[in-house]
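Contents: one structure, followed by commentary.
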There are 2 protein chains.
Amino acid sequence: MIRLSKLTDYAIVVLSEMARQVGTVHTVAHLADRSGVPAPTVAKLMKAMTPAGLTTSQRGAAGGYALSRPADAISIAEIITALDGPIALTACVDGADSQCGVEQLCPMRGGWEKVNRAIRSALEEVTLADMMAPVTFPAPAAAPNSTAAQPARPAH
Amino acid sequence: MIRLSKLTDYAIVVLSEMARQVGTVHTVAHLADRSGVPAPTVAKLMKAMTPAGLTTSQRGAAGGYALSRPADAISIAEIITALDGPIALTACVDGADSQCGVEQLCPMRGGWEKVNRAIRSALEEVTLADMMAPVTFPAPAAAPNSTAAQPARPAH
DNA sequence: AGCAATCAGGACTAAATTGGTCCTGTATTC
DNA sequence: GAATACAGGACCAATTTAGTCCTGATTGCT
């Protein structure tokens with residue numbers, strides 16, 4: 001299966017935790033505590049998110065991190081890109097060494113681009129808000145039709 | 001970046017090699033030779049492709065492998081699925097253990113499904129034929145404009 | 001028959017990635 | 001100036017992945 005790094009998974013948990021209170025600063029300790037993700041890992045996450053422009057940081061005593069935009073303006077693609085680099089389905093994309101041993105490989109590189117574009121746009125259309133809002137079970141009284149769609153899969 | 005296993009990459013090279021002559025049987029040695037992929041690896045690939053129904057095998061002296069369908073009827077999604085398992089962007093999909101430590105993670109699992117579906121369908125629309133056809137250089141006498149298109153990126 | 005070729009199906013080793021931790025430095029508030 | 005937090009790395013350990021090899025089973029040819 002195509003693996004999404006676990007870090008990205010955590011990032012979404014942490015970011016959505018922050019999304020609860022936009023504009024508030026959250027310390028690493030605070031976020032770790034409320035998300036269940038170990039603190040050093042949260043720190044690592046944020047160190048990637050901030051340069052990428054997804055969060056803003058405030059140093060010093062009353063410092064911390066805050067989302068730089070509302071959750072519905074942050075796409076999953078951005079989060080993945082911030083952590084795992086450019087979204088692409090191949091091993092040799094970053095133009096590192098031109099020789100990939102298996103020469104016949106390269107003639108068909110062009111085909112991957114088509115695939116990559118499709119995936120990229122798919123990922124750009126899903127926002128952080130989409131990830132938290134729709135399937136939260138706030139109360140037992142669910143929407144009428146949602147009963148048929150979701151419960152098929154056991155939680156995750 | 002989202003990683004596609006190198007095996008899958010090889011698989012496409014090897015399969016497209018087979019696609020040149022549909023209906024012919026190709027031995028592992030033969031395929032290895034013409035694709036540049038090491039023989040044991042080719043063997044491993046085929047052992048995944050055949051049960052998945054992408055290729056047929058013939059044992060014995062005059063045996064070998066053959067594509068079970070024409071290249072334009074084989075989607076990239078099938079190849080990936082055969083090698084890497086179901087296409088999904090998350091760590092805990094296969095319903096293994098219900099506890100993924102970080103509990104807050106699961107409420108948002110539903111969101112991934114949306115993403116996964118998008119990716120899956122993107123991958124289903126690209127066929128093996130798409131991967132080989134457009135940018136093959138059959139003879140040194142290449143098409144006029146191909147000179148400009150390809151060399152831009154250093155091979156791959 | 002018997003022999004050679006070829007796939008089937010694992011076990012196994014080695015290498016590359018990834019996840020996670022820690023340490024030192026810098027900014028900011030009180 | 002002391003305490004709090006982020007910044008930015010280096011670094012180690014664990015998991016995954018790639019790749020190799022070995023022992024069958026099957027088929028065609030001599």
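The model shown is predicted, which means the values in this text are computed figures rather than measured ones. Basis for what follows: all heavy atoms, side chains included, without hydrogens, waters or symmetry-related copies. Order of the sequence lines sets the chain letters (A, B, ...), proteins ahead of strands, with each chain counted from 1.
Computed from coordinates, the A:His30 NE2 to D:dC6 P distance equals 12 Å when rounded to whole Å. A straight line from CG of B:Asp9 to P of D:dT17 spans 15 Å, rounded to a whole angstrom. We find that CG of A:Leu45 is positioned 13 Å from P of D:dC6, with the value rounded to whole Å. Atom pair B:Tyr65:OH and C:dA5:P shows a separation of 17 Å (rounding to whole Å applied).
Considering only side-chain atoms of A:Lys47, the nucleotide from C:dT21, D:dA5, D:dG8 that sits closest is D:dG8. When each of D:dT4, D:dA18, C:dA8 is scored by its nearest atom to the side-chain atoms of B:Ser5, the top-ranked nucleotide is D:dA18. Distance from the side chain of A:Gln58 is smallest to C:dT28 among D:dG19, C:dG19, C:dT28. Comparing C:dT28, D:dG28, D:dA25 by their nearest atom to the side chain of B:Arg59 picks out D:dA25. Side-chain proximity of A:Lys44 to the nucleotides D:dA7, D:dG28, C:dT21 is greatest for C:dT21.
Contact annotation: B:Thr41 side-chain N/O to D:dT20 OP1/OP2 distance is under 4.0 Å. Neither OP1 nor OP2 of D:dT17 sits under 4.0 Å from any side-chain N or O of B:Tyr10. Listed pair A:Ser57 / D:dA7 meets the phosphate criterion, a side-chain N or O lying under 4.0 Å from OP1 or OP2.
A salt bridge links B:Arg69 with B:Glu78: at least one charged nitrogen is closer than 4.0 Å to a carboxylate oxygen.
The shortest side-chain heavy-atom distance between A:Leu45 and A:Tyr10 falls under the 4.5 Å cut-off. In this structure, the side chains of A:Ile74 and A:Thr127 stay at 4.5 Å or more apart for every pair of heavy atoms.
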Could you go through B:Leu123 and B:Ser75, starting from their C-alpha distance and side-chain angles, then the distance that decides it, and tell me whether this counts as side-chain contact (heavy atoms from CB on, under 4.5 Å)?
CA-CA 7 Å; B:Leu123 255 29; B:Ser75 73; over 6 Å; no
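Comparing A:Ala62 and B:Pro51 against DNA chain C, the residue whose closest nucleotide sits nearer the 5' end is B:Pro51.
In this model, no side-chain donor or acceptor of A:Lys6 finds a partner on the base of C:dG19 within 3.5 Å.
Cluster membership check: A:Val126 shares its hydrophobic cluster with A:Ile87, using side-chain heavy-atom separations under 4.5 Å among Ile, Leu, Val, Met, Phe, Trp and Tyr.
Nucleic acid contact class of B:His26 (heavy atoms, under 4.0 Å, all strands): sugar-phosphate only.
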